[in-house]
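Atoms within each ligand, like the ligands themselves, are counted from 1 in listed order.
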Amino acid sequence: MELLLLFRALALPLLRVHAYSSGEPFDSREATIDGVHNALHSGLASCRDVVSSFISRIETFNPTINAIISLNPNALKIADAFDAKIASGNATGSLFCIPVLLKDNYDTSELPTTAGCLDLVGNQPTQDAPVVAALKAAGAIILGKSNLHELALEGLSVSSLGGQTINPYDHSRTPGGSSGGTGAAIATSFAVFGTGTDTVNSLRSPASANSLFSVRPTRGLISRAGVIPISYTQDTIGPIAKNVKDLAVALTVMASVGYDPNDNTTSMIPSSSVDVDYLADVFRGSLKGQRFGLIEGFFNRTASEETTPVNTVMENTVSTLKRAGATVVSIYETVYNATAIASLDVQTSEYREDMDAYLQMSSLSGTRPSTLAELYSSGKFLVIPGQYNYVNTALRSSTSNSSYAPTKLGIQNLTTVLRTTFSSNQLDAIIYPEQKNLVVKIGSPSQSGRNGILAALTGFPVVTVPAGFSPSTGDAPIGVPIGMEILGLPWTESKLLNIASHFSELTHVRRMPSFANSSIEVSSYSAVPTITPNISKIPSAYPVGVL
Ligand SMILES: *[C@@H]1O[C@H](CO)[C@@H](O)[C@H](O)[C@H]1NC(C)=O
Ligand SMILES: *[C@@H]1O[C@H](CO)[C@@H](O)[C@H](O)[C@H]1NC(C)=O
Ligand SMILES: *[C@@H]1O[C@H](CO)[C@@H](O)[C@H](O)[C@H]1NC(C)=O
Ligand SMILES: *[C@@H]1O[C@H](CO)[C@@H](O)[C@H](O)[C@H]1NC(C)=O
Ligand SMILES: *[C@@H]1O[C@H](CO)[C@@H](O)[C@H](O)[C@H]1NC(C)=O
Ligand SMILES: *[C@@H]1O[C@H](CO)[C@@H](O)[C@H](O)[C@H]1NC(C)=O
Ligand SMILES: *[C@@H]1O[C@H](CO)[C@@H](O)[C@H](O)[C@H]1NC(C)=O
Ligand SMILES: *[C@@H]1O[C@H](CO)[C@@H](O)[C@H](O)[C@H]1NC(C)=O
């Protein structure tokens with residue numbers, strides 16, 4: 001009897017070695033969609049092997065960077081079901097068996113949506129956001145939820161539930177934000193790609209600070225329904241990935257939702273942007289003859305250890321573009337001043353109304369506040385000193401404030417100014433560093449120096465690409481990543497991805513963080529382990545529940 005049990009226990013692993021001939025565990029370091037699919041189709045790995053490999057990396061390296069809020073307890077069961085599909089020759093979908101992390105402000109019925117806020121731990125959606133449903137329909141496996149700056153309100157990526165996420169390239173720095181958990185996690189290969197949201201900078205700052213690629217899509221391209229909102233005017237959602245090809249595939253799936261009656265900005269999608277395959281044109285053509293505008297106002301020319309590396313990387317970038325046959329035109333117009341443009345930010349007028357509408361959705365179950373005011377009377381949140389004013393204003397404001405309509409007109413003016421810059425200089429795209437300085441240190445009052453406001457207000461699309469690294473230091477063995485925004489006219493995502501792919505082929509900037517660059521042993525799991533965020537890493541400068 002005992003012998004039989006022993007034999008049974010051994011038989012399973014032996015059978016697996018038979019089925020998957022190499023015997024080498026799937027290596028998830030820098031794994032891409034193609035890499036996963038090749039491993040599956042050649043029989044080198046099962047879907048369970050792929051998912052287990054990412055979970056093992058999370059178990060090994062997440063204690064250092066604290067990027068994960070929760071893992072999906074269903075992930076291995078789904079992987080097993082996918083292995084059955086492979087066995088029956090029925091494996092389909094552009095994201096088949098691709099592990100994906102959701103920023104924890106996206107609704108999925110599989111996990112709570114917390115936005116990193118202790119007052120939202122009980123917020124359990126009964127439905128997937130349409131964009132999450134689209135990812136799953138294409139075969140993606142929702143591996144878990146990533147940390148974010150609490151409620152996505154700043155760029156430091158610290159939250160009362162998730163704690164402080166650490167930059168994988170320099171453990172003394174933040175990972176950018178607010179989608180900083182996704183950025184740190186994808187840079188460390190915790191999943192193939194992840195999702196973020198962007199109200200001012202939040203898909204671009206984490207891409208920049210983690211040597212990754214992201215798309216902030218044209219306002220209206222992707223339905224935001226089922227994603228915790230901040231601003232009807234400024235919110236967008238999109239993917240963050242390790243290369244342009246994966247980014248294009250992820251965008252294709254996320255944008256496949258198309259018109260959604262629950263987000264009326266999707267009614268603006270022109271017919272030429274319906275059901276686009278963003279992979280189709282990614283590698284076509286070259287940079288030769290393309291014209292780029294470089295915004296001088298989006299630099300800080302005061303030399304310092306924090307600014308000079310950004311300026312040097314951008315100088316090299318301009319040289320690279322010119323060598324490839326492109327023209328770079330400097331734009332000196334003083335209107336391009338990120339601080340001045342920020343006076344048109346409408347978040348505080350829209351936040352309360354939009355958040356109340358989200359909290360009252362019938363698709364949510366569980367215990368949660370029913371209004372923003374109730375949330376901010378709970379004491380179960382963390383407030384960065386610089387955010388007090390913002391939240392207090394939002395609690396008192398609405399779109400009926402007398403300042404709202406004129407500010408919206410100011411945004412229309414800015415949009416015309418930007419279109420004029422494109423037309424008068426015959427530009428294909430506008431380029432500038434995402435951040436004028438390196439991503440800030442942990443404990444800083446704000447993520448200062450970012451340039452995201454221009455796209456946030458005008459709704460123009462941006463693809464962010466790795467542009468370089470600062471010099472190596474004791475804290476940053478391979479340097480701190482520096483990213484560039486490539487901003488285009490509305491609905492030109494294909495063109496921007498094409499520019500990004502040529503640029504990245506010329507430069508090959510992206511590198512994995514050295515602290516996590518070794519291959520690891522892959523555990524054989526009977527169940528998905530539970531991950532507990534480490535809140536002891538919250539800097540003491542950020543009090544909990546004081547407003
Ligand atoms: C393949 O999957 C589809 C969709 O789930 C299903 O309708 C079909 O019956 C399956 N075919 C086989 C051969 O299992
Ligand atoms: C679009 O939807 C928002 C709420 O999501 C609503 O406030 C607004 O009135 C709608 N706009 C139009 C023109 O219907
Ligand atoms: C520019 O950079 C310097 C040096 O880091 C810094 O002291 C200064 O505050 C920055 N200026 C602005 C406008 O951000
Ligand atoms: C940018 O705008 C801010 C706020 O209006 C102003 O203080 C600053 O001087 C401007 N910077 C430049 C370079 O003009
Ligand atoms: C809106 O009006 C309220 C009440 O007058 C005021 O306290 C608040 O600051 C205003 N908000 C904005 C964004 O102007
Ligand atoms: C918009 O631009 C026009 C023309 O330049 C100007 O007269 C008007 O004051 C601007 N409106 C706002 C709200 O900025
Ligand atoms: C990992 O990082 C170390 C330190 O930077 C470096 O020496 C090594 O070559 C890296 N290994 C790989 C596989 O990239
Ligand atoms: C949490 O983080 C602190 C500070 O980095 C560290 O000392 C502690 O060991 C961590 N706890 C766990 C359980 O990983």
- prompt: Under a heavy-atom criterion of less than 4.0 Å, does N437 contact ligand 3?
  reply: no

Contact atoms of ligand 7, heavy-atom distance to S514 under 4.0 Å: 2 (O), 4 (C), 5 (O)

- prompt: For E306, is at least one N or O under 3.5 Å away from an N or O on ligand 3?
  reply: no

field: Protein residue, atom and distance nearest to atom 14 (O) of ligand 3, heavy-atom basis
entry: N300 ND2, 3.7 Å

query: Passes side-chain contact (heavy atoms from CB on, under 4.5 Å), I430 versus Y432? Steps please.
result: CA-CA 7 Å; I430 284 178; Y432 49 89; 3.9 Å; yes

- prompt: Looking at F460, does the NZ or CZ of R216 lie under 6.0 angstrom from its six-membered ring centre and within 45 degrees of the ring axis?
  reply: no

- prompt: Passes side-chain contact (heavy atoms from CB on, under 4.5 Å), L438 versus V310? Steps please.
  reply: CA-CA 7 Å; L438 299 180; V310 175; 4.2 Å; yes

- prompt: With under 30° as parallel and over 60° as perpendicular, where do the rings of F26 and F54 fit, or are they tilted in between?
  reply: tilted

task: Considering only protein heavy atoms, determine whether one is less than 4.0 Å from atom 3 (C) of ligand 3.
output: yes

query: Going by the order shown, which atoms of ligand 3 are within less than 4.0 Å of some heavy atom of S304?
result: 4 (C), 5 (O)

- prompt: With only distance considered, is R29 within less than 3.5 Å of ligand 7 through an N or O on each side?
  reply: no

message: Would R301 pass as a cation-pi partner of F299, given that its NZ or CZ must be under 6.0 Å from the six-membered ring centre and within 45 degrees of the axis?
response: yes

message: For atom 6 (C) of ligand 2, what's the nearest protein heavy-atom neighbour? Residue, atom name and distance, please.
response: N264 ND2, 4.2 Å

message: Tell me whether T307 has any N or O atom under 3.5 angstrom from an N or O of ligand 3.
response: no

task: If the plane angle is over 60° it's perpendicular, under 30° parallel, otherwise tilted; pick one for F515 and F61.
output: perpendicular

- prompt: Can you find a protein heavy atom under 4.0 Å from atom 9 (O) of ligand 7?
  reply: no

message: Take a 6.0 Å sphere around CZ of R511 and say whether it holds more than 12 heavy atoms from other residues, nucleotides or ligands.
response: no

- prompt: In the protein, which heavy atom is nearest to atom 11 (N) of ligand 7, and how far is it?
  reply: N517 ND2, 2.8 Å

- request: Check step by step if salt bridge (Lys or Arg N to Asp or Glu O under 4.0 Å) holds for K441 and D475.
  value: CA-CA 11 Å; K441 297 267 183 180; D475 284 334; 3.8 Å; yes

